[in-house]
Protein chains: 2
Amino acid sequence: MDREKAEKPKQSKKLGRPRAGQERLTRDGILEVALQLVDEEGMEALSMRRLAAELAVDPMSIYHHVSGKQAVISGLVDKVFAEMRLPPSEEAAWQERVRGWAVAYMDLAHSHPNLVLRIVSDGAAVSDAMLRISEPLYAALEEAGLPPRRIAVAADTVVDFVHGHALAEDSSTTSGDANFEGDLLERLEAQPSNSSPTMRRVFRALAEDSREMDPVASLNILLKGIEADADDESGQALDSV
Amino acid sequence: MDREKAEKPKQSKKLGRPRAGQERLTRDGILEVALQLVDEEGMEALSMRRLAAELAVDPMSIYHHVSGKQAVISGLVDKVFAEMRLPPSEEAAWQERVRGWAVAYMDLAHSHPNLVLRIVSDGAAVSDAMLRISEPLYAALEEAGLPPRRIAVAADTVVDFVHGHALAEDSSTTSGDANFEGDLLERLEAQPSNSSPTMRRVFRALAEDSREMDPVASLNILLKGIEADADDESGQALDSV
DNA sequence: ACCTGAACACCGTTCAAGT
DNA sequence: ACCTGAACACCGTTCAAGT
């Protein structure tokens, strides 16, 4: 935790013998420096050799603590998930709790933008972490009165949406352009004039509307859909239980 | 389109002069072979050098037709988007048309699993392609009677969900394990016994339920939410217009 | 105009050796 | 036990030269 940061590989390679019991290199220390590197310079800056330089250590030394680069990345995802903190919101309505969970998860992704792609796609690392953080989501959905199968469907829907949204936010900020929304309208109007009439109408109206697009509006759609599902006794098509 | 595939770099490097006007290397030909390579061997098999070998050409020749590796990848994403075909479904209800659009997009992602990560995250390539395929989605949502702002929110919600779902499908099949669902229950029960009671209940019930998890169930939740949004005259919180 | 080869500045990882 | 250095088999891309 309070490991000293090796700011530059400026220290001489010859260090004094480390105090007994306090190893120079630890898995946690490696991950901490790796996370800093990724946060500051992006995923493409993370190489085993660069990481070693940052740690003022021979590249190969790292392999004594983690099995390889893939393990470093998975470790980072894991570490970031461990940071997720939910608002306390115990006796709130289930809708509020679902919203709170989704927002907390979105914030988590948002606070490490360079890692978003791995967070949403590193199946192995994520599924473990997901198990640890998802209970409040499932509990809230159970309180909505849904049977198990519909709880699972609703939870997947929320999680998949959050993942997709995190990616969209990430690649719209990452890929250069500041004004992504107005940009779309421009490119649309550069197209043949009979194409995409509805989108033109929509984006034109949006251009005169300064309000930000709030992902909570999407969450509200999800919540209304889940409510409707909870009120529907008949079981939609195949989904009773 | 009907370019001959260079199966192995078995041809001698010394080729006869190509027929006039029919260049040996074209952007399309490069992308076609690259897509085949990615589909068959995955993203990590795609290197400029490997691609050149597949084309029986010097690695550097490729740079005369595309600006670099990133451009190849964006080109692939673009190419794949161009393949999207919607079911005709003109006079269907708007719900049916939204569902049809989402399913077609999911199928698109599904048919190139190794490219999913780029499809959902290559902002630059995607936003162009997105403009070309999204009109039917926006048109269906307009028919639902939503004002522009809510059309945009609903469309984003659908797109983000589809992206998240495509990723989840991809990494659950990619990351080894066959039985992903049962696997979760096992790992859950290996945890301290007081943890995640709701999730245990849900997954236990699901384990005795052989039916597949159908993403259409999630789409139905979205549709019910959008319907509720369309029926709500008051404008939810900040979203009138 | 189009293609090539050598070269540069990197990668991740294995393996045998050092302290 | 922990760390190291050389080596292997790769990368993407620049640049000057060939036909």
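When reading the values below, keep in mind they use all heavy atoms of this one structure, side chains included, and skip hydrogens, waters and symmetry mates. Just so we're on the same page: letters track the sequence lines, and every chain starts at 1.
- With both ends at atom C1', the span from dA17(C) to dC2(D) equals 13 Å, rounded to whole Å.
- Here M60(B) lies in heavy-atom contact (under 4.0 Å) with a base.
- Within 4.0 Å (heavy atoms only), S47(A) reaches sugar-phosphate atoms of the nucleic acid but no base atom.
- Rounded to an integer number of Å, the gap from E44(A) CD to dA9(C) P is 20 Å.
- Judged by distance alone, the side chains of E135(A) and T198(B) do bring a donor and an acceptor atom under 3.5 Å apart.
- Remark: dC11(C) base-pairs with no nucleotide in the shown strands. Criterion, Watson-Crick or G-U wobble with two distances under 3.5 Å.
- The separation between R50(A) atom CZ and dG12(C) atom P is 12 Å, rounded to whole Å.
- Within 6.0 Å of atom CD in E212(A), 12 or fewer heavy atoms from other residues, nucleotides or ligands are found, so the atom counts as exposed in its surroundings.
- Rounding to whole angstrom units, CE of residue M48(A) and P of dT4(D) are separated by 14 Å.
- For the pair R49(B) CZ and dT13(D) C1', the interatomic distance rounds to 9 Å; values are reported in whole Å.
- At least one side-chain nitrogen or oxygen of H65(B) sits closer than 4.0 Å to the OP1 or OP2 atom of dC3(C).
- A donor and an acceptor atom, one from each side chain of Q191(A) and S196(A), are nowhere located under 3.5 Å apart.
- The separation between Y63(A) atom OH and dA16(C) atom C1' is 17 Å, rounded to whole Å.
- Going from atom CG of D58(A) over to atom P of dG12(C) covers 13 Å, rounded to whole Å.
- One donor-acceptor pair, N or O on each side, does fall under 3.5 Å between the base of dC3(D) and the side chain of H64(A).
- Base pairing analysis places dT4(C) opposite dA16(D); the two distances defining the Watson-Crick or G-U wobble pair are each below 3.5 Å.
- Between K69(B) atom NZ and dC10(C) atom C1' there is a gap of 14 Å when expressed in whole angstrom units.
- As a whole-Å value, the separation of R27(A) CZ from dC3(D) C1' is 19 Å.
- One distance of note links CG of L167(A) with NE2 of H163(A); it measures 8.5 Å at 0.5 Å rounding.
- The pair E54(B)-R50(B) meets the salt-bridge criterion, since a charged nitrogen lies less than 4.0 angstrom from a carboxylate oxygen.
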